[in-house]
Amino acid sequence: MLQLNSNGAEFIKRHIGPSAEDSEKMLASIGIKSVDELIEKTIPSAIRSKKPMQIPEGLSEFEMLQSLKKIGEKNIVATNFIGQGYYGTITPSVILRNIFENPGWYTQYTPYQAEIAQGRLESLLNFQTMVCDLTGMPIANASLLDEATAAAEAMAMIFNHVNKTDTITQPKFFVDSAIFPQTKDVLVTRATPIHIQIEEGHYQTTTIDNTYFGAILQYPNNTGSIEDYAAFIDQVHQAGGLVILVADIMSLTLLKSPGELNADVAVGNTQRFGVPMGFGGPHAAYFATKDEFKRGMPGRLIGVSIDAQGNRALRMALQTREQHIKREKATSNICTAQALLANMAVMYTIYHGPMGLKKIAQKMHGLAQNLEAQLTSLGITQANKFYFDTLHLTGFDIAALQKEALAVDINFRYFNDGKNNNTISITIDETISENDISKVVALFEKITGKKANGKAASAASIPASLVRSSSYLQHPVFNTHHSETQMMRYIKQLENKDLSLNTSMISLGSCTMKLNAATEMIPVSWPAFSSMHPFAPSSQTLGYQEMATELSAYLCETTGFTACSLQPNSGAQGEYAGLLTIRAYHEHHKQAHRNIVLIPISAHGTNPASAVMAGFKVIVVACDAAGNIDMNDLLEKANLHKDNLGGLMITYPSTHGVFEETVIDICDHIHALGGLVYMDGANMNAQVGLTSPGAIGADVCHLNLHKTFAIPHGGGGPGMGPICVNDKLAPFLPGHIYNKNKTGAVSAAPMGSASILLISYAYIKMLGATGLELATAYAILNANYMKSRLEKNYTILYAGKNGTCAHEFIIDLRPFKASAGIEAEDVAKRLIDYGFHAPTMSFPVAGTIMIEPTESEDKAELDRFCDALTSIHDEITAIEKGLSDKIDNPLKNAPHTQKVICADEWKHAYTRQEAAFPLYYIQQNKFWPTVARVNNTHGDRNLVCTCEPVASYA
Ligand SMILES: Cc1ncc(COP(=O)(O)O)c(C=O)c1O
């Protein structure tokens with residue numbers, strides 16, 4: 001029986017909001033006797049799970065932490081000199097405690113409601129400014145998923161820019177052989193389906209002609225060498241191509257910037273700016289480019305605009321919703337990125353300031369020089385003529401060194417590519433001390449039997465032509481908050497501007513803003529997990545392997561599938577990876593021509609975008625008036641394209657919040673025609689334990705761990721989008737350079753953002769099979785309770801055949817446009833005055849809001865939200881009846897800032913009390929937006945995407 005009782009795991013009652021007594025009241029309001037009855041009426045019996053999930057019953061919070069601690073002890077935290085894109089770094093405690101471990105920051109949603117997101121928008125604008133300054137580029141976005149995918153995004157952007165028409169005249173892309181192998185791997189994965197020809201070679205010996213659309217090089221390169229690419233960049237430009245530099249952001253404090261070298265795009269990772277390695281992530285990649293490419297840029301871009309009173313206000317600019325608008329014409333599928341980590345990286349920069357950063361970089365460089373001197377005095381050859389933090393060494397017994405180093409938990413990078421097996425590299429990061437250098441020297445002394453006596457060079461080992469002379473990070477924000485008090489207050493000041501889950505519920509349909517329990521978050525900061533290098537020897541990573549194996553098994557159990565890849569770093573990356581498995585399956589069966597994917601019109605914009613990136617042609621399927629897939633249209637299109645049908649992508653329950661009855665027939669039909677079925681798992685919160693993608697007949701799905709499995713949204717990332725597949729597709733899951741799988745990688749690290757997998761693991765461990773099932777049932781109960789309250793005043797679009805909704809439902813606001821001149825945006829902004837974040841706006845239906853309360857909200861909070869919407873309905877009725885003005889009313893003027901309410905002058909027809917405190921509960925917990933309604937078009941017409949000069953604030 002689906003009932004909360006005192007016998008369940010302790011954590012169930014912490015995670016699920018309503019009490020047993022409140023559940024009874026809620027059921028009565030819906031007019032249903034039990035939760036079981038509600039679920040029976042909601043989920044078609046044909047797809048109900050036949051047996052309980054094979055997941056152990058829940059542990060208490062204490063027990064789970066104890067058990068995870070033991071697993072962590074199986075990881076060995078070595079001293080790492082591996083480098084290769086991941087570096088030890090010191091997270092300033094003030095940032096660790098006040099951002100990374102602070103729900104005021106990590107539970108924020110993507111800043112679509114700009115008025116209640118000015119804090120993180122400010123921080124992300126700082127991030128963009130930091131990236132622009134260090135790369136010497138005029139425009140940068142607010143983060144991408146990792147360095148390798150950022151490189152791939154850059155490749156796609158310039159490919160589309162150069163080849164403007166449908167006929168591709170410049171299909172070749174030059175990849176310098178000295179870029180990190182994991183980046184190369186992802187580039188190959190991403191290039192193949194869209195017919196980009198990758199040509200690998202050495203930049204000094206390759207001639208670029210007009211068949212190339214571009215080139216990519218790394219700075220400093222794979223072995224740590226600093227190369228001067230100026231002449232090569234000219235050559236590519238002369239041939240009509242564009243150049244991407246993958247640049248180490250720390251090195252740019254000392255090296256001439258990519259902008260000064262005339263590169264067209266600069267990408268890289270900002271991990272070493274205070275973000276733990278975490279066995280691969282999460283970290284914020286950066287993407288910066290020239291002004292002329294700004295409209296083709298992937299990801300989110302923060303820009304400056306004004307609010308209704310003409311005050312400065314920030315919001316997401318330009319292509320923010322690009323992937324939704326462009327759908328199958330999109331060139332990128334980036335939705336969730338890495339906002340929280342971008343915020344950490346820029347706060348690190350703000351804390352250290354330009355001089356502090358430079359000092360850190362100089363220290364690394366100095367230690368590397370010192371080490372070089374010692375090692376060369378032992379007769380060892382250092383191959384990098386110029387370097388920043390990495391030495392490339394040869395001329396000694398590598399096997400002997402490796403044995404000695406492993407025995408004392410020291411990791412170097414060994415070049416084991418079969419050709420170059422006789423070198424190692426040593427990278428110095430911020431955590432390395434002189435003492436560590438002495439330990440390394442002692443190892444070399446041991447294997448050479450000599451005594452080192454070298455002296456470091458007095459001049460920097462950077463070529464004169466590439467020494468940075470231009471200034472950076474001059475804006476006051478980077479030169480003010482250097483004491484801990486200042487830093488703490490700056491972080492708090494920004495946090496106070498933002499509404500996150502620690503203020504009130506965030507009922508965003510399709511986004512599942514549930515509790516991110518503190519206990520789930522705690523292990524992410526433990527060094528046993530956070531300090532692990534993703535390319536550490538497998539003998540050191542047994543703890544991670546154990547956790548990942550267990551988590552994969554649980555995810556398979558919840559999806560009804562047999563194999564899992566934890567690699568994709570977001571839902572959209574999961575879509576892409578899943579579609580690649582379908583593509584590979586067809587190719588394996590000599591059916592490579594099956595390149596058509598059917599996608600319903602109601603799908604999230606990332607679905608068609610991912611399909612196109614995976615090399616499919618998208619055919620859009622209509623939906624009927626009830627929001628269901630239009631079966632006639634589907635059958636007609638599937639039959640029409642049967643010879644080339646690759647598959648179908650569906651979201652289940654549908655984006656309309658309905659469990660479509662016909663889903664099994666749909667999947668059967670696609671299979672009968674030779675296609676496969678991809679299920680978008682964004683709505684898994686309505687399935688776990690009660691039904692599954694396997695049960696509905698799908699072949700593959702992704703899971704947004706940052707929705708259903710409790711990873712917080714972090715203000716727009718991190719996220720994780722693992723994919724689960726059935727036996728047919730298991731051989732085609734993403735591989736990685738460091739495992740033998742034949743298929744290419746979709747992320748830089750083998751397990752993507754591995755450290756946050758711990759959150760989902762802890763969530764599953766504490767809820768257990770019973771708790772997971774109950775969570776789903778209560779998510780459906782909460783949604784139906786709200787629906788039962790709100791349908792008295794609003795039209796609810798779409799419901800199942802018994803009149804119930806799944807875990808979310810849509811309110812139609814379109815009629816109010818005609819009756820009162822009120823639009824969905826007015827309601828969304830007015831909710832801010834009531835202390836709430838708006839639900840999802842105009843998706844999947846324009847002019848509506850989609851509410852998803854999740855299981856974590858209790859009845860009192862659900863009631864407050866319903867009271868707010870009921871009161872807003874009264875305000876609309878007053879306009880309809882002519883009791884309130886059509887233009888000057890609390891909805892049109894919402895949200896109301898403190899400044900407006902406290903101003904000496906008040907000219908409105910309604911009172912200040914009605915504006916700011918329309919219901920009693922608001923007096924207990926008033927949230928003030930810091931800007932009034934933001935003007936989006938003003939900002940797009942006058943695009944400013946970095947911190948403005950201080951004078952402009954005046
Ligand atoms: C239905 C659906 N599919 C896919 C996605 C994309 O997921 P992500 O943002 O993690 O890339 C979303 C995100 O909100 C979604 O709602």
Side-chain angles (χ1 to χ4, degrees), residues 109-112 142-146 149 153 281-282 298-300 316 320-324 327 330 332-340 506-514 566-579 599-611 613-614 623 627 649-658 678-687 693 698 700-723 746-747 752-753 756 760 806-808 810 839-845 850-852 854:
Y109 185 62
T110 310
Y112 283 113
S143 81
L144 287 178
L145 295 166
D146 63 20
T149 50
E153 292 288 345
R300 290 164 176 151
M316 295 197 283
T320 288
R321 294 183 175 80
E322 183 115 317
Q323 80 275 19
H324 304 289
R327 303 180 70 90
S332 162
N333 65 350
I334 288 289
C335 184
T336 288
Q338 301 282 18
L340 185 74
I506 300 182
S507 61
L508 285 160
S510 199
C511 298
T512 317
M513 298 290 289
K514 60 165 65 174
L566 298 172
Q567 205 178 93
N569 273 325
S570 71
Q573 294 302 103
E575 292 166 18
Y576 178 69
L579 288 162
I599 302 183
I601 183 90
S602 58
H604 194 259
T606 52
N607 287 192
S610 301
M613 285 166 58
C623 283
M649 273 186 109
I650 45 166
T651 305
Y652 200 75
S654 74
T655 47
H656 295 92
V658 174
Y678 183 99
M679 196 206 83
D680 180 324
N683 290 345
M684 269 305 281
N685 217 44
Q687 288 202 31
V700 42
C701 75
H702 77 260
L703 298 169
N704 296 68
L705 297 188
H706 49 298
K707 300 184 179 191
T708 312
F709 294 92
I711 294 178
H713 278 70
M720 275 297 273
I723 52 171
V746 294
S747 302
S753 301
I756 52 170
S760 301
H807 65 313
E808 62 191 7
I810 296 174
T840 296
M841 302 260 312
S842 293
F843 172 77
V845 184
M850 180 160 62
I851 298 179
E852 180 184 0
T854 84

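Every number for a ligand or one of its atoms is a count from 1 in the order of the listing.
- In terms of protein heavy-atom proximity, atom 4 (C) of ligand 1 is nearest to E575 OE2, 3.1 Å.
- Counting only heavy atoms of the protein, atom 6 (C) of ligand 1 lies nearest to T606 OG1, 3.7 Å.
- Considering backbone and side-chain atoms alike, H702 places every N or O at 3.5 Å or more from each N or O of ligand 1.
- Looking at T512 and E852, their side chains do bring a donor and an acceptor atom within 3.5 Å of each other.
- Between G715 and A339, the shortest heavy-atom contact is O-CB, 3.2 Å.
- Ranking protein heavy atoms by distance to atom 7 (O) of ligand 1, first place goes to N704 ND2, 3.2 Å.
- For atom 16 (O) of ligand 1, the nearest non-hydrogen atom of the protein is S510 OG, 2.6 Å.
- Residues I650 and P600 come closest through the heavy atom pair CG2-CG, 4.2 Å.
- By the 3.5 Å distance cut-off applied to N or O atoms, T336 is counted among the residues near ligand 1.
- Nearest approach of I506 to M513, heavy atoms of both residues: O-CB, 3.2 Å.
- D680 OD2, 2.5 Å is the protein heavy atom nearest to atom 3 (N) of ligand 1.
- Among the atoms of F843, none of the N or O lies under 3.5 angstrom from an N or O of ligand 1.
- Considering backbone and side-chain N/O of Q573, none are found under 3.5 Å from N/O of ligand 1.
- Ranking the protein heavy atoms by distance from atom 11 (O) of ligand 1 puts A572 N, 2.8 Å first.
- Listed for the N569 side chain is a donor-acceptor partner under 3.5 Å among the backbone atoms of S753.
- Between V658 and P653, the closest side-chain pair of non-hydrogen atoms is not below 4.5 Å.
- Taking every heavy atom of C335 and a limit of under 4.0 angstrom, the matching atoms of ligand 1 come to 9 (O), 11 (O).
- The backbone N or O of S747 lies less than 3.5 Å from a partner atom in the side chain of Q567, making a donor-acceptor pair.
- Only the side chain of H706 comes within 4.0 Å of ligand 1, counting heavy atoms alone; its backbone N, CA, C and O stay farther away.
- With hydrogens and angles ignored, the 3.5 Å screen pairs a side-chain donor or acceptor of H713 with a backbone N or O of H706.
- In terms of protein heavy-atom proximity, atom 12 (C) of ligand 1 is nearest to K707 NZ, 3.2 Å.
- With a 4.0 Å heavy-atom cut-off, ligand 1 is reached by the side chain of A682 but not by its N, CA, C or O.
- Smallest separation of non-hydrogen atoms from H807 and A686: ND1-CB, 3.5 Å.
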